[in-house]
Enquirer: 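Below you will find the structure I want to go over with you.
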There are 2 protein chains.
Amino acid sequence: MPPKTAGDTTKERILDAAFDTLVEDGITGASARAIAAHGEFNQALIFYHFGSVRDLLIATLERSSQIQVERYRERIEGITDLGDMVHVAAALHAEDMERGSITMVAQLMAGAASDPEMGEAVVKAFQPWIDLVERALRQVFAGSPIEAFLPYPDMAYGISSLFLGLELLSKLDPDHEQEERIFSMMNMVSGMLENVIAGKPLLG
Amino acid sequence: MPPKTAGDTTKERILDAAFDTLVEDGITGASARAIAAHGEFNQALIFYHFGSVRDLLIATLERSSQIQVERYRERIEGITDLGDMVHVAAALHAEDMERGSITMVAQLMAGAASDPEMGEAVVKAFQPWIDLVERALRQVFAGSPIEAFLPYPDMAYGISSLFLGLELLSKLDPDHEQEERIFSMMNMVSGMLENVIAGKPLLG
DNA sequence: GTCTATACAACGATAGAC
DNA sequence: GTCTATCGTTGTATAGAC
């Protein structure tokens with residue numbers, strides 16, 4: 001399920017096919033031939049429209065990241081309660097497991113190990129995700145007594161890493177059973193945190 | 001820097017070369033030819049000793065995981081203070097960024113997207129890492145008032161994911177500057193947590 | 001802009017000499 | 001057990017017809 005906007009033009013068909021291939025078969029399976037077969041178009045079109053496979057993958061990453069970050073940003077808008085935010089984060093993570101936008105990022109990150117130019121592109125495309133998390137954190141802790149003491153950028157970097165690893169790991173878990181438990185745990189932690197911030201005892 | 005035990009036999013030389021190649025060039029760069037060039041031996045030896053490239057990579061994963069988990073387990077032995085544990089975790093993460101054992105796991109996880117058999121092997125090899133984290137958590141919270149209420153397996157799964165993502169992401173950060181800030185943040189959090197557990201106010 | 005055909009490199013893997 | 005040589009496949013990429 002690619003980030004469908006209007007897969008009308010050929011360029012968009014190619015981008016969608018590249019996205020699907022990347023999510024389903026990973027970076028090692030994302031060859032020009034495989035992508036073309038996936039989208040049922042001619043292999044040569046990739047090189048005509050994007051110059052090289054790598055440039056196509058980078059374009060796919062940039063498009064998908066932009067669309068998805070904007071999408072997720074809308075979803076967290078106005079949420080100021082920590083528990084609610086965890087709830088939304090869980091929902092977004094579950095959706096993303098289906099859609100695959102983070103999976104794609106993880107795959108390209110792995111692929112960037114042998115390709116510095118790709119590495120640069122991935123770093124650049126991932127920054128908006130980190131910024132999104134930072135925005136969520138600031139919303140949630142606004143007005144809290146510890147608001148001014150929190151290292152938001154570092155927290156955002158850490159939480160982004162968590163989701164990245166979670167998605168990489170969850171893909172291997174055939175019956176995504178661990179994920180739900182992760183979020184029920186995060187729920188518990190957020191509850192405890194809210195207690196503590198409010199000056200109440202840890203449990204209760 | 002592979003997990004050197006005694007790289008004497010040919011099989012071990014091949015395993016070391018596969019490890020190095022995987023860490024330096026990632027899954028997309030880990031071809032039979034590249035591995036052979038890296039270890040300065042004949043390409044055909046890989047197939048004689050391991051049958052296929054994939055089976056070599058799986059053998060590399062299994063060996064490295066066993067050695068490194070045991071190594072790290074020794075390092076966390078006897079640590080019961082949360083702050084100390086964070087300190088050790090930071091040191092181990094820094095070491096691992098040099099050595100690459102988690103990087104290798106992340107790379108094979110990415111590669112497993114197009115290879116279910118590889119996926120199975122990776123899941124199996126990663127479990128000891130999760131168990132290691134769980135052990136660390138139980139040590140640290142033993143005797144604490146919240147000891148009985150913590151979902152250790154879920155926490156271990158989450159923290160393992162965090163390190164996985166952190167290593168994937170940090171590899172792209174040319175001047176590993178973010179990592180240190182992550183751990184100073186974790187230090188802060190562990191300090192706050194210790195306060196709270198002890199019934200003291202959050203900051204202080 | 002899209003197709004067929006093809007060049008050429010790198011890949012996994014094997015045969016057979018040593 | 002290790003080497004050279006090689007086969008067949010798949011990869012990226014291009015030329016040229018349409």
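Proteins come first, then strands; the chains are lettered A, B, ... in the order of their sequence lines, and each starts at number 1.
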Enquirer: How close or far is atom P of D:dT4 from atom CG of B:Leu45, stated in whole angstroms?
Expert: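 Interatomic distance, CG of B:Leu45 to P of D:dT4: 10 Å.
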Enquirer: Does this structure show an ion pair linking A:Lys124 with A:Glu120, if we count only N-O contacts that are shorter than 4.0 Å?
Expert: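 No, no charged N to carboxylate O under 4.0 Å.
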Enquirer: Measure the distance from CD1 on B:Ile14 to P on D:dT2 and round it to the nearest whole Å.
Expert: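 These atoms are roughly 7 Å apart.
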Enquirer: Starting at CD of A:Glu12 and ending at P of C:dG1, how long is that distance when rounded to a whole Å?
Expert: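 That distance rounds to 13 Å.
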Enquirer: Evaluate whether atom CD of B:Glu180 has more than 12 neighbouring non-hydrogen atoms of other residues, nucleotides or ligands under 6.0 angstrom away.
Expert: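 No.
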Enquirer: Tell me: CD of A:Glu40 to P of C:dC3, nearest whole Å?
Expert: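 Taking CD of A:Glu40 and P of C:dC3, I get 12 Å after rounding.
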Enquirer: In whole angstrom, give the distance that lies between atom CD1 of B:Ile46 and atom P of D:dT4.
Expert: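 From B:Ile46 CD1 to D:dT4 P: 15 Å.
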Enquirer: Is a side-chain N or O of A:Glu147 found less than 3.5 angstrom from the main chain of A:Gly143, in a donor-acceptor match?
Expert: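 Yes; at least one donor-acceptor contact below 3.5 Å.
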Enquirer: Can you measure B:Phe41 atom CZ to D:dT4 atom C1' for me and round it to whole angstrom units?
Expert: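 It is 17 Å, rounded to the nearest whole Å.
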Enquirer: Determine whether more than 12 heavy atoms belonging to other residues, nucleotides or ligands lie under 6.0 Å from atom CD of B:Glu194.
Expert: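 Yes, enclosed.
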Enquirer: May I ask you to decide whether B:Arg138 forms a salt bridge with B:Glu134, counting only side-chain N to carboxylate O separations under 4.0 Å?
Expert: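 Yes.
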Enquirer: Tell me: CG of A:Asp25 to P of D:dT10, nearest whole Å?
Expert: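 Taking CG of A:Asp25 and P of D:dT10, I get 14 Å after rounding.
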Enquirer: For the residue pair B:Trp129 and B:Tyr72, categorise the inter-ring angle as parallel (less than 30°), tilted (30 to 60°) or perpendicular (more than 60°).
Expert: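 Rings of B:Trp129 and B:Tyr72: perpendicular, over 60°.
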Enquirer: Without decimals, in angstroms, what is the distance between A:Asp8 CG and C:dG1 P?
Expert: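 From A:Asp8 CG to C:dG1 P: 15 Å.
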Enquirer: At under 4.0 Å between heavy atoms, how does the protein contact nucleotides 11-18 of chain C? Give one character per nucleotide, 5' to 3', with B, S or -.
Expert: BBBB----
